[in-house]
Protein chains: 2
Amino acid sequence: MNEHRQPALLGEQQAAERLSRFHILPTQQRVQIARVLLARDQHLSADQVLDLVKAAGNRVSKATVYNTLGLFADKGVVREVIVDPHRVFYDTNTSVHHHFYNVDTGELTDIGADQLRLEGLPGVPPGTVAEGVDVIIRIRQRH
Amino acid sequence: MNEHRQPALLGEQQAAERLSRFHILPTQQRVQIARVLLARDQHLSADQVLDLVKAAGNRVSKATVYNTLGLFADKGVVREVIVDPHRVFYDTNTSVHHHFYNVDTGELTDIGADQLRLEGLPGVPPGTVAEGVDVIIRIRQRH
DNA sequence: GTCAGTGCAAACCCTTTGCAGAAAG
DNA sequence: CTTTCTGCAAAGGGTTTGCACTGAC
């Protein structure tokens, strides 16, 4: 009856291995952050990650969460989603896909790559290379 | 030889009329902001707008610039572009189009609607309505 | 022992807010 | 005269930084 009190966490082993695969040294805090973050496909802000790590009974500082999420994004473990000037979301789904962003609730929902196709991608400006394509469909509550 | 020292400004009359058309009371500051902002197709941050208004010899406060840009966006005079967690850009081109965002330089460039087509727009989640679609192609300097 | 990672608090920066004074109609 | 707008400065909130401490190898 109480097996759902705590959100499922990724095992420490698995988390550490996953970080190693991305050439990230699996320190204690990074592993704890990975355990909550990578447990499922989700979109979390830095603050939410901090809360989840603490809720799981581990201690991390705010600075480390920010540093770590930035590192994870750099290394490709997660993807930054910028839809709101107030906070950055980290998306654990790194495959090609897009998003609905509910401006009223702040909720972010995935749109599979198969549900939306981009035709005729334009060439990038000279001297630059493409890094990624973000498609955001902004929605709001009816009325 | 000195006709380019000052960026071209929209005439006061034109600026005021344009605001009225969007049901915005054309007060002094709003008109001055509109004159620099709407002079051409461009992407400006609030800070840049503040600097431009001051450079044009007019006085405005930071708060008024923020309030005014927010108002303009609400009324549809400009479009907010959120590509950078650090600042919001205001785009004077309100027709359907997309953007390149150079993450190294912070530069925003338009992509005409004719250069990129979206196929198979998915239906929005129940209880919500679409407000807009943003396509951002993130680019960076080669090497 | 050396170098990288972490924690804390303070600094930062963009943006918003509260409120008194000014301007618009 | 009433309502809305503006300016200033202060507050806000997410993110970053500086620096001493800790941990990894």
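By convention in this document, chain letters (A, B, ...) are assigned in the order of the sequence lines, proteins followed by strands, and residues within each chain are numbered from 1. Keep in mind it's a predicted model, so treat the numbers as computed, not measured.
- Rounded to an integer number of Å, the gap from CG of B:Leu71 to P of D:dT4 is 13 Å.
- Under the 3.5 Å distance criterion, the side-chain polar atoms of A:His97 are matched with a main-chain donor or acceptor of A:Ser95.
- For A:Arg117, the salt bridge (Lys or Arg N to Asp or Glu O under 4.0 Å) partners are A:Glu119, not counting sequence neighbours.
- Applying the ring pair (Phe, Tyr, Trp, His ring centres under 6.0 Å) rule to pairs touching residues 36-69 of chain B yields B:His43-B:His99, sequence neighbours excluded.
- For B:Arg30, there are no side-chain hydrogen bond (donor to acceptor under 3.5 Å, both in side chains) partners, not counting sequence neighbours.
- With sequence neighbours excluded, no residue forms a salt bridge (Lys or Arg N to Asp or Glu O under 4.0 Å) with B:Glu17.
- When the P atom of C:dC8 is taken as reference, atom CG of A:Leu50 falls 11 Å away, rounded to whole Å.
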Kindly list each side-chain donor-acceptor pair under 3.5 angstrom involving residues 47-59 of chain A, sequence neighbours excluded, with atom names and distances?
{"unit_1": "A:Gln48", "atom_1": "OE1", "unit_2": "A:Ser45", "atom_2": "N", "d": "2.8"}
{"unit_1": "A:Gln48", "atom_1": "OE1", "unit_2": "A:Ser45", "atom_2": "OG", "d": "3.4"}

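- Distances shorter than 4.0 Å separate some side-chain N or O of B:Gln29 from OP1 or OP2 on D:dG7.
- Qualifying side-chain hydrogen bond (donor to acceptor under 3.5 Å, both in side chains) partners for B:Gln28, counting only residues two or more places apart in sequence or in other chains: none.
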Collect all protein-nucleotide pairs involving nucleotides 21-25 of chain D in which both atoms are nitrogen or oxygen and the distance is under 3.5 Å.
none

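- Helix-axis bend for the helix from C:dG1-D:dC25 to C:dG25-D:dC1: the local axis fitted to the five terminal pairs at one end deviates from that at the other end by 30°, rounded to 10°.
- Residue B:Arg30 contributes atom CZ, which lies 11 Å from atom P of C:dA24 at whole-angstrom precision.
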Anything under 3.5 Å between a donor and an acceptor, one on a side chain of residues 67-77 of chain B, the other on a protein residue two or more places apart or in another chain? List them.
{"unit_1": "B:Asn67", "atom_1": "ND2", "unit_2": "B:Ala63", "atom_2": "O", "d": "3.3"}
{"unit_1": "B:Thr68", "atom_1": "OG1", "unit_2": "B:Thr64", "atom_2": "O", "d": "2.6"}

Pairs under 3.5 angstrom, nitrogen or oxygen only, protein versus nucleotides 13-19 of chain D, please.
{"unit_1": "D:dG14", "atom_1": "O3'", "unit_2": "A:His86", "atom_2": "O", "d": "3.1"}
{"unit_1": "D:dT15", "atom_1": "OP1", "unit_2": "A:Val88", "atom_2": "N", "d": "2.9"}
{"unit_1": "D:dT15", "atom_1": "OP2", "unit_2": "A:Tyr66", "atom_2": "OH", "d": "2.6"}

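- Here the P atom of nucleotide D:dT4 and the CD1 atom of B:Ile24 are 16 Å apart, to the nearest Å.
- Distance, A:Leu69 CG to C:dT6 P: 12 Å, rounded to whole Å.
- At distances below 3.5 Å, not a single donor-acceptor pair connects side-chain atoms of B:Thr92 with backbone N or O atoms of B:Ala39.
- Following rounding to the nearest Å, B:Lys54 (NZ) and D:dT6 (P) show an atom-to-atom distance of 15 Å.
- Under the rule for a salt bridge (Lys or Arg N to Asp or Glu O under 4.0 Å), A:Asp91 has no partner lying at least two apart in sequence or in another chain.
- Protein atom CG of B:Asp51 is 11 Å distant from nucleotide atom P of C:dC14, rounded to whole Å.
- Residue B:Ser61 has a polar side-chain atom (N or O) positioned under 4.0 Å from OP1 or OP2 of D:dG7.
- Remark: A:Arg140 pairs with B:Glu131 by the salt bridge (Lys or Arg N to Asp or Glu O under 4.0 Å) rule, at least two apart or across chains.
- Look at CZ on B:Arg59: it is 12 Å from P on D:dT6, rounded to the nearest Å.
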